[in-house]
Amino acid sequence: MPLSADEVGIVRTVFDGYDIEREGLIHINQFPSLLNRLNKSQEDTIAAVEHASRLADDNNGRISFEDVVNVLNMIDKSKHVPEGEGPDPKVLQFLSILEEYRIKCEEEGNYLEASRAHKQLGILRKQEEKRQQKVIQARHISERQDVQLAHNMQFAEFNKQWDKYLQEYDQMAQMYIQQMTERHALVLLEFQKQLRDELAGKPPKWSRSLLDQRRKQHINARNKNYAMAQKLKKLSDISEEKERKAMEEQQAIAFARREAKFRMQQQTELQALLKRIEARRKEHIKQRELDTKRLLQRNRNVQAVLENKQAAEQQKLFSEIKKVLYSSEVLKNGMSESMKKKTQQSQSAGNLLSSTAPMSSTQRTSGSPGKTAPMGAGRNNFGQAQHQPEQYGQADDEDAAGHGAVGEDAGAFDDFDDGERPNFNNLIYNGDNGLGGNSTFGESNSTGEYV
């Protein structure tokens with residue numbers, strides 16, 4: 001039940017006593033004292049402070065009056081006993097009347113009637129005991145189903161984020177490959193142009209026999225022996241044409257050889273980039289498998305803790321049920337205060353366990369995943385590792401030493417940013433109430449098992 005208007009007024013009066021600056025805010029450290037002024041129990045104070053602390057984290061350690069009212073309403077709601085759970089007052093009243101009737105018959109010597117009343121009492125007690133046990137078991141099943149459903153939603157969101165991350169990684173890798181290919185094409189054109197100019201600028205290197213023929217040709221021409229000069233000229237022209245073709249063929253061979261060498265350098269550079277891309281992708285897939293194992297292990301731990309708490313709760317409640325139903329004194333006085341308190345505590349614990357299930361999709365998306373260190377944070381390029389060794393072990397950089405690009409411009413593609421890996425910690429409720437946090441499981445090791 002929400003707080004009444006009078007109760008809200010009392011809370012406002014106490015709140016104003018702590019709000020000295022009249023800003024409508026108080027520090028979280030003042031909240032326990034405020035609850036003490038409101039005569040809240042120690043259990044209620046602990047639960048309220050845990051919930052208020054999460055609200056204060058978003059407001060520089062301060063909470064508003066509305067936050068205080070909401071927290072108090074949540075605490076009162078968690079103490080509410082669900083319908084159908086606990087002893088039925090009408091059954092207890094009937095059992096009390098029947099027990100008095102049995103005692104009266106026994107005192108009057110009407111033993112047959114007392115025997116009938118005793119049998120009827122046993123039947124009713126068994127029926128009421130089974131009814132209450134079924135209600136408790138149904139609540140426990142519902143709690144486990146809610147937690148399992150939340151885990152399934154969490155795992156689906158986890159896979160969705162990883163699929164999106166790998167897709168973006170592949171798109172980014174293709175963009176870098178395309179950029180390198182386009183740059184290689186432009187550089188190759190420029191190299192071919194320079195190589196042609198270089199080969200064309202070299203003077204031809206004629207053979208000695210051709211040079212001797214040309215010399216004789218010029219001597220005959222100066223001596224007015226034009227017939228011999230003409231004959232030598234034709235022979236020299238034929239020899240020059242043959243040598244020119246041979247030189248052109250040699251230049252073409254040299255051009256092809258140097259071009260092939262240059263293309264090989266570019267291909268080696270591209271292969272180095274592809275190798276780094278593939279190595280990083282394998283690392284991402286390996287990290288995804290590790291994150292999946294850790295996530296599933298954490299969910300199994302949550303389920304195990306929930307089942308253990310429910311088993312302990314069942315044992316206590318079943319014992320209390322028998323005490324209530326088989327105690328003549330309790331039947332006369334009605335449901336004991338201890339039973340009421342334990343029933344409320346058990347329901348409060350159940351609500352607390354339910355609240356520790358993974359956050360819904362709305363809660364998950366409302367956070368800011370970028371503020372937390374990503375699980376197995378990726379590299380800022382294909383050659384430099386940026387793992388978080390204090391959390392997930394030292395990064396294996398053997399590939400970084402062997403994946404350097406070949407060629408002068410290899411460093412131009414070393415700034416490949418493959419983003420942040422999905423952080424499954426953002427998908428898991430890791431509050432201070434015991435489940436999913438260190439207070440219950442302790443620190444986790446590299447395999448996701450808690451010690």
Side-chain angles (χ1 to χ4, degrees), residues 54 57 143-170 279-310 352-380 385-399 418-451:
R54 293 191 288 272
D57 290 340
E143 289 174 359
R144 292 196 296 270
Q145 289 176 346
D146 290 342
V147 172
Q148 185 60 46
L149 178 62
H151 285 170
N152 293 341
M153 294 173 59
Q154 174 195 62
F155 191 68
E157 182 69 18
F158 171 82
N159 286 325
K160 179 180 178 182
Q161 288 193 12
W162 260 111
D163 291 340
K164 180 181 178 182
Y165 171 76
L166 292 176
Q167 182 180 4
E168 292 174 353
Y169 175 84
D170 292 338
R280 289 294 298 135
R281 199 177 198 286
K282 289 181 178 179
E283 287 184 10
H284 292 324
I285 294 176
K286 183 178 180 181
Q287 187 64 46
R288 178 177 184 172
E289 294 175 353
L290 176 61
D291 292 353
T292 300
K293 291 179 180 178
R294 297 179 67 186
L295 177 60
L296 294 177
Q297 181 63 42
R298 182 175 292 187
N299 290 346
R300 284 193 292 268
N301 291 343
V302 172
Q303 287 281 9
V305 170
L306 177 60
E307 291 173 1
N308 290 337
K309 288 189 175 183
Q310 287 181 346
L352 187 60
L353 285 168
S354 298
S355 68
T356 60
M359 294 183 291
S360 64
S361 58
T362 304
Q363 291 172 312
R364 286 193 292 269
T365 55
S366 63
S368 54
K371 293 182 179 180
T372 58
M375 165 167 288
R379 301 181 180 181
N380 62 349
Q386 284 189 339
H387 286 296
Q388 300 291 336
E390 67 278 9
Q391 287 182 330
Y392 309 108
Q394 297 291 340
D396 184 6
D397 285 337
E398 293 180 358
D399 64 316
D418 48 359
E420 292 184 350
R421 286 173 174 159
N423 180 9
F424 83 91
N425 289 320
N426 292 331
L427 305 178
I428 296 180
Y429 184 85
N430 197 18
D432 300 329
N433 51 16
L435 284 178
N438 293 337
S439 59
T440 296
F441 296 118
E443 298 291 341
S444 63
N445 55 29
S446 60
T447 61
E449 298 176 352
Y450 289 81
V451 294

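Residues take their numbers from the sequence shown, with the count starting at 1. This structure is a prediction, so every number in the text was calculated from the model and none was measured.
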Legend entry - Note: Glu283-Lys286 ion pair, threshold 4.0 Å (strictly below): no

Inset, instruction - Could you tell me the separation between the OG1 atom of Thr292 and the CZ atom of Phe155, rounded to the nearest 0.5 Å? - result: 5.0 Å

Legend entry - Close side-chain approach of His284 to Tyr165, heavy-atom, < 4.5 Å: yes

Inset, instruction - Drop me the distance from Arg298's CZ to Leu295's CG, to the nearest 0.5 angstrom. - result: 8.0 Å

Legend entry - Beyond-backbone contact of Asn299 with Gln303, side-chain heavy atoms, under 4.5 angstrom: no

Inset, instruction - Measure the spacing between CZ of Arg288 and CD of Gln161 and express it to the nearest 0.5 Å. - result: 11.0 Å

Inset, instruction - Could you verify whether a donor N or O on one side chain and an acceptor N or O on the other, from Gln297 and Arg294, lie under 3.5 Å apart? - result: no

Legend entry - Distance, nearest 0.5 Å, that separates CD of Gln154 from CD of Gln148: 10.5 Å

Inset, instruction - Would you give the length of the straight line joining atom NZ of Lys160 to atom CG of Asp163, rounded to the nearest 0.5 angstrom? - result: 10.5 Å

